[in-house]
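Before any comments, here is the structure.
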Amino acid sequence: MAAELTAHQLIAQHRPTLDLALETIRTRAYWSPHPEHPKAYGENGSLDMAAGKAAFDALSGTRIDLGQPGTDGWVGGEVSPYGIELGVEYPHADLDVLLPAMKAGQKAWRDAGAELRAMVCLEILRRIADRTMEFAQAVMHTSGQAFMMAFQAGGPHAQDRGMEAVAYAYVEQSRTPDTAEWTKPQGKRDPLALTKRFTPVPRGIGLVIGCNTFPTWNGYPGLFASLATGNAVLVKPHPRAVLPLALTVQVAREVLTEAGFDPNLVALAAERPGEGIAKTLATRPEIRIVDYTGSTAFGDWLEANARQAQVYTEKAGVNTVIVESTDDYKGMLGNLAFSLSLYSGQMCTTPQNLLIPRDGIRTNQGDKSYDEVTADLARAVDALLGDDVRANALLGAIVNPDVKARLEAAAELGEVALASREVTNPDFPDAVVRTPVIVKLDGAKPEDEAAYTSECFGPVSFAVAVDSAGHAVELLRRSVREKGAMTVGAYTTDPEVEEAVQEACLDEAAQLSLNLTGGVYVNQTAAFSDFHGSGGNPAANAALCDGAFVANRFRVVEVRRQA
């Protein structure tokens, strides 16, 4: 029989953690309760890594039976980008049975209050953290991330983002007191007196539409923001990345049960091949919140058609780096090379366009021409990825054939400064591993504009020759305004250029990184401190994570009585 989790136990265990999270989102300082090095997991890390791999391997050939109502069959068929069949089956749901069952538990969950809901969410995250190595394998073999990245981004960093959402949810729900005594003087007459009670009430069922590349990192903010604000949550994973989110739902249901709540507050909606249930789900009247990460086309469709729901989208954009001047040329090249290579560029934050003045740039190694900068960057990428062992550890695997096709087509768009090459993974010979391609384009030629103003998701970057720093800023503004950007970078030692770039990013609501030359990269963000996206340009209509991301997932209902 499952152990009972009382409110007192949950608060005693998790309130200190919540308080630290609340303080950190106020100060924006560094903090994480989830270690990001494998050695922190067990005596030396290796035992837990082996145990995590064994737990992942043991899932093959099994069904993850969640005990959900309305299960009318079983679905599966995931194949790892590393070439192995996962062999796991998941329940397929009859939505007309499952959705009413999910709504049934919301009253007790609403009445539990913001603090207890937060404590339950933190217990879910704690138990997920206890299985980090297993989740790392699941993320690796659904996303194609290399193990270390799958461990970090799919484990502690995803857990941090989930906890951040819980903290923001608690803040927003706590702004209004539970009760108030209201008295209005009436001069010589008796005052008017009312007793008022304010209750955060959920919108309804939240739908999380998962992505293939970062199933947990992108899935946890919406899941925990909706759950912490009193909503039931239906998780619809990407068909090629079901396992990490199925395990998440499994843990959530276990904790909810032990805490005395209806486990159907969190459920899974896996789909049959080609079923395409996302559109059907997103427009059902029971669904009142939608969280989505993925293509711009479907994100736009959701925003236009899921009219009954509050829709939060992270879509795509054209991320830009302006290279005008630097006082650390080697550091700049190394930082850019890593940013272009990490996870084969399959991140919504990877730089695509490198805007470089055609007359060259000033550096601490002397003036460098446009051709020299592009050639030196190509050599930096080659040096970084020249060893196949290191290349595999950084690149991971190409997640789907569309990325490979875009990579191969990019070489036809202009002069190739860096050709992509195949890398063999000895552990997974069927994995498709490719190094990045860098293509030279001219920002003054209309025939090149179509290439660099369109998103080319994957290990593809364009070195775009521009007339001046002012031209670069102009292109940056137009690109962010029309196509959106999750990240912007700039390298400059000129205060006027720096000011112009900052003003452009403030005007167009794009997150900016300046002169990164060390171990922090433009395509990485830290929970509790950095905002992922802004919600202010076409790349995303929400930021991970701020008050706006959680505040409209609930409404405050007032009951007032004569005192």
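Because the structure is predicted, anything quoted here is derived from the model rather than measured. What's counted below: heavy atoms across the whole structure, side chains too, no hydrogens, waters or symmetry copies.
Remark: the backbone N or O of Thr493 is paired with a side-chain donor or acceptor of Ser325 at under 3.5 angstrom. Side-chain atoms of Asn515 come within 3.5 Å of backbone N or O of Thr492 as a donor-acceptor pair. Between the Tyr41 side chain and the Pro35 main chain, a donor and an acceptor come within less than 3.5 Å of each other. Listed for the Glu134 side chain is no donor-acceptor partner under 3.5 Å among the backbone atoms of Phe56. Side-chain atoms of Thr326 come within 3.5 Å of backbone atoms of Asp328 as a donor-acceptor pair (strictly under, hydrogens ignored). Of the possible donor and acceptor atoms, one in the side chain of Thr487 sits under 3.5 Å from a partner among the backbone N and O of Thr349. The main-chain N or O of Gly154 is found under 3.5 Å from a side-chain atom of Thr216 such that the two form a donor-acceptor pair. Checked by atom type and distance alone, the side chain of Gln346 pairs as donor or acceptor with a backbone atom of Val399 at under 3.5 Å. A donor-acceptor pair is defined here as one N or O able to donate and one able to accept, closer than 3.5 Å; such a pair exists between the side chain of Asn231 and the backbone of Ser226. In this structure, the side chain of Asn319 engages the main chain of Met486 through a donor-acceptor pair within 3.5 Å.
Annotation: the span from Gln13 atom CD to Leu18 atom CG amounts to 13.0 Å, rounded to 0.5 Å. Note: Thr257 OG1 to Leu5 CG = 10.0 Å, rounded to the nearest 0.5 Å. The line from CE of Met332 to CG of Asn364 is 9.5 Å long, rounded to the nearest 0.5 Å. We find the CZ-CG distance between Phe457 and Leu407 to be 12.5 Å, quoted to the nearest 0.5 Å. Atom CD in Glu85 sits 13.5 Å away from atom NE2 in His141 (nearest 0.5 Å). Taken from CD in Glu115 to CD in Gln173, the straight-line distance is 11.5 Å, to the nearest 0.5 Å.
Of the N and O atoms on the side chains of Asp160 and Ser32, at least one donor lies less than 3.5 Å from an acceptor on the other residue. Between the side chains of Tyr220 and Thr248, at least one donor N or O sits under 3.5 Å from an acceptor N or O. For Ser341 and Arg390, the side-chain atoms include no donor-acceptor pair closer than 3.5 Å.
Salt bridge Arg379/Asp382: absent, no basic N to carboxylate O contact under 4.0 Å. The existence of a salt bridge linking Glu258 and Arg127 is confirmed by a sub-4.0 Å separation between a basic side-chain nitrogen and an acidic carboxylate oxygen. Between Asp402 and Arg406 there is no salt bridge, since no side-chain nitrogen of the basic residue lies less than 4.0 Å from a carboxylate oxygen of the acidic one. Comment: Arg240 does not engage Glu78 in a salt bridge, judged by the lack of any side-chain N to carboxylate O separation of less than 4.0 angstrom. No salt bridge links Glu172 with Arg553; every basic N to acidic carboxylate O contact stays at or beyond 4.0 Å.
The closest side-chain heavy-atom distance from Cys348 to Asn523 is not below 4.5 Å. Under the 4.5 Å side-chain criterion, counting only non-hydrogen atoms from C-beta, Pro436 is in contact with Leu385. Residues Val381 and Thr435 fail the side-chain proximity criterion, which asks for heavy atoms closer than 4.5 Å. Looking at Pro459 and Val403, their side chains come closer than 4.5 Å, going by heavy atoms from C-beta outward. For the pair Trp109/Leu227, a side-chain contact is recorded, criterion being any heavy-atom separation below 4.5 Å from C-beta on. Using a 4.5 Å cut-off on side-chain heavy atoms (C-beta onward), Ile361 and Tyr329 make contact. For the pair Val373/Thr363, no side-chain contact is recorded, criterion being any heavy-atom separation below 4.5 Å from C-beta on. A heavy-atom distance below 4.5 Å is not found between the side chains of Val249 and Ile64.
Between Tyr292 and Phe298, the distance from one ring center to the other falls under 6.0 angstrom. Note: His532 and Phe549 fail the aromatic proximity criterion, with ring centroids not under 6.0 Å apart.
Using cut-offs of 30° and 60° on the angle between ring planes, the pair Phe151 and Phe147 is parallel.
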ask   = What do the steps show when you test Val75 against Val242 for side-chain contact (heavy atoms from CB on, under 4.5 Å), and what is the final call?
value = CA-CA 10 Å; Val75 296; Val242 182; over 6 Å; no

message = Show, in sequence, the C-alpha distance, side-chain angles and deciding distance for Phe224 and Ile124, and conclude whether the side-chain contact (heavy atoms from CB on, under 4.5 Å) test is met.
response = CA-CA 10 Å; Phe224 284 100; Ile124 295 169; 3.8 Å; yes

inquiry  = For a side-chain contact (heavy atoms from CB on, under 4.5 Å) check, start with the C-alpha distance between Arg131 and Val251, then their side-chain angles and the critical distance, and finish with the verdict.
reply    = CA-CA 10 Å; Arg131 297 169 63 178; Val251 173; 3.4 Å; yes

task = Carefully, step by step, assess Asn392 and Phe428 under the rule side-chain contact (heavy atoms from CB on, under 4.5 Å).
result = CA-CA 10 Å; Asn392 277 302; Phe428 302 101; over 6 Å; no

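Stacking of Arg28 on the aromatic ring of Phe531 is recorded, both the 6.0 Å distance cut-off and the 45° axial limit being met.
Surrounding CD of Gln9 are more than 12 heavy atoms belonging to other residues, nucleotides or ligands, all under 6.0 Å away.
Among Gln159, His34, Gln152, the one residue that satisfies the side-chain hydrogen bond (donor to acceptor under 3.5 Å, both in side chains) test with Thr132 is Gln159.
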